[in-house]
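Just below is one structure, and these are the notes that go with it.
What's counted below: heavy atoms across the whole structure, side chains too, no hydrogens, waters or symmetry copies.
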Amino acid sequence: MADVKLTHVKKIYSNNVEVLSDINLDIKQGEFIVFVGPSGCGKSTLLRMISGLEEISAGTLEIDGEVVNDTPPALRGIAMVFQSYALYPHMTVYDNMAFSLQIAKVKKADIDQQVRKAADMLQLTPYLDRLPKALSGGQRQRVAIGRAIVRRPKVFLFDEPLSNLDAALRVATRMEIANLKDSMPDSTMIYVTHDQVEAMTLADRIVLLSGGNIEQVGSPLELYEHP
Ligand code: ADP
Ligand code: ADP
């Protein structure tokens, strides 16, 4: 539930390669933004800078009007869903979702409520007692999404969350994410993909990155039907 603003954001890696030159973008609370562009254009770098996993070389990142360039990841109110689900293999689905709240010393009853609500939203209730290895790839990715939801982040980041899934699961999980967007309309979602169909079906606005800069910004209709 937050605005995210990027002003003159630049990224130069330690090998002096400038990956992003001058990114300017105003993301409104509740927007679903999809970054697209060829492999290596810096989509993932941008997402990692927003999450705080990667340092911003120059420019400012604001969340809700506050500059967070130097704010540690855990304090930014952001949750990220990765391409590889990164679930804890020895923990059940329930515990995978509950873990960050347990660490944060949230009351057991509140954890239970949050986990069951997320499980219900993602149709994971029948699987709460299973280990990740007993789930399909799509179900695992839903657990990863559930783990993000229970943290009640202001901003969700998705880094190619469907890329590891086969075609059928990709469609199903994409629909789950579309449902998520509908059931959490106040949450800001920033999504990276190289898949045009994902961009068109999920985005309020698509941001096309190229050569270290934003090449185009617009609704799916504006970008793909009247480019
Ligand atoms: P995308 O997500 O669009 O595929 P990335 O953000 O992963 O692009 O990478 C953008 C560019 O930055 C690539 O050329 C990549 O090789 C380079 N890069 C990514 N991470 C690092 C790093 N830690 N150090 C140096 N270069 C990196
Ligand atoms: P905390 O409860 O303090 O956030 P965690 O153990 O949940 O601690 O997270 C440790 C680090 O990993 C933090 O920097 C946090 O932001 C990051 N982190 C954990 N889970 C996620 C996630 N789903 N998306 C993005 N970052 C995460």
Side-chain angles (χ1 to χ4, degrees), residues 1-14 19-20 22-35 42-88 91 94-115 117-119 121-122 141-161 177 180-181 183-192 207:
M1 284 164 271
D3 298 328
V4 177
K5 189 173 180 185
L6 301 151
T7 310
H8 298 311
V9 166
K10 183 192 283 282
K11 180 65 189 181
I12 302 172
Y13 279 112
S14 51
V19 174
L20 296 167
D22 186 15
I23 302 296
N24 296 283
L25 187 66
D26 218 335
I27 301 171
K28 291 292 166 210
Q29 176 184 333
E31 258 197 306
F32 199 118
I33 293 284
V34 179
F35 284 105
K43 303 183 293 295
S44 190
T45 297
L46 191 52
L47 215 56
R48 292 206 308 271
M49 288 196 294
I50 296 172
S51 73
L53 298 175
E54 194 72 65
E55 213 176 306
I56 297 169
S57 307
T60 54
L61 167 67
E62 289 164 72
I63 298 179
D64 274 343
E66 193 189 329
V67 176
V68 296
N69 286 42
D70 299 322
T71 305
L75 303 180
R76 291 188 187 191
I78 279 175
M80 187 149 162
V81 176
F82 300 93
Q83 179 174 345
S84 59
Y85 335 108
L87 301 181
Y88 303 109
M91 286 187 199
Y94 184 101
D95 286 334
N96 263 284
M97 290 203 271
F99 188 63
S100 72
L101 301 180
Q102 289 164 348
I103 297 286
K105 305 251 192 297
V106 175
K107 272 195 301 190
K108 227 173 170 178
D110 293 340
I111 295 177
D112 196 61
Q113 194 204 1
Q114 285 288 100
V115 169
K117 193 171 136 197
M121 197 184 276
L122 294 163
Q141 193 53 294
R142 269 146 54 197
V143 177
I145 294 169
R147 206 169 44 175
I149 291 175
V150 299
R151 297 159 62 95
R152 299 201 217 186
K154 295 192 279 191
V155 181
F156 284 91
L157 305 179
F158 296 92
D159 195 357
E160 306 230 11
I177 293 173
L180 185 70
K181 168 185 166 180
S183 46
M184 309 180 87
D186 293 335
S187 295
T188 308
M189 303 198 178
I190 306 176
Y191 190 105
V192 159
V207 180

Under the rule for salt bridge (charged side-chain N to carboxylate O under 4.0 Å, His left out), what residues qualify as partners of Arg76, not counting sequence neighbours?
none
Ala2 backbone acceptor or donor facing Asp64 side chain under 3.5 Å:
no
Mind checking salt bridge (charged side-chain N to carboxylate O under 4.0 Å, His left out) for Asp112 and listing every partner two or more places apart, or none if nothing turns up?
Arg116
Contacts of Asp22 that satisfy side-chain contact (heavy atoms from CB on, under 4.5 Å) - sequence neighbours left out:
His8, Asn24, Asn213
Has Lys5 got more than 12 heavy atoms of other residues, nucleotides or ligands less than 6.0 Å from its NZ?
no
In Å and rounded to the nearest 0.5 Å, what is the OG1 to CD distance from Thr60 to Glu66?
12.5 Å
For the residue pair Leu6 and Ile50, establish whether any side-chain heavy-atom pair is separated by less than 4.5 Å.
yes
Between Pro161 and Val81, which heavy-atom pair has the shortest distance, and what is it?
CB-CG1, 4.2 Å
Among Leu20, Ile12, Val19, find the one that has a side chain to side chain contact (heavy atoms under 4.5 Å, CB included) with Ser57.
Ile12
Search all heavy atoms of Ser187 against all heavy atoms of Pro153 and return the closest pair with its distance.
OG-O, 4.5 Å
Mutual orientation of the aromatic rings belonging to Tyr191 and Phe32 [parallel < 30°, tilted 30-60°, perpendicular > 60°]
tilted
Find the distance between CD1 (Ile56) and NZ (Lys10) and round it off to the nearest 0.5 Å.
13.5 Å
Passing candidate, side chain to side chain contact (heavy atoms under 4.5 Å, CB included) with Leu47, options Ile190, Ile78, Leu53
Ile190
Working note: Thr188 + Asp3, criterion side-chain contact (heavy atoms from CB on, under 4.5 Å); need CA distance, chi angles, decisive distance, verdict.
CA-CA 7 Å; Thr188 308; Asp3 298 328; 5.9 Å; no
Mark yes or no for whether Gln114, through its side chain, and Val150, through its backbone, hold a donor-acceptor pair below 3.5 Å.
yes
Residue Glu55 excluded, over 12 heavy atoms near CD under 6.0 Å:
no
Take Met189 and Leu180, measure what side-chain contact (heavy atoms from CB on, under 4.5 Å) needs, and give me the verdict at the end.
CA-CA 10 Å; Met189 303 198 178; Leu180 185 70; 4.1 Å; yes
Between Ala118 and Gly146, which heavy-atom pair has the shortest distance, and what is it?
CB-O, 4.2 Å
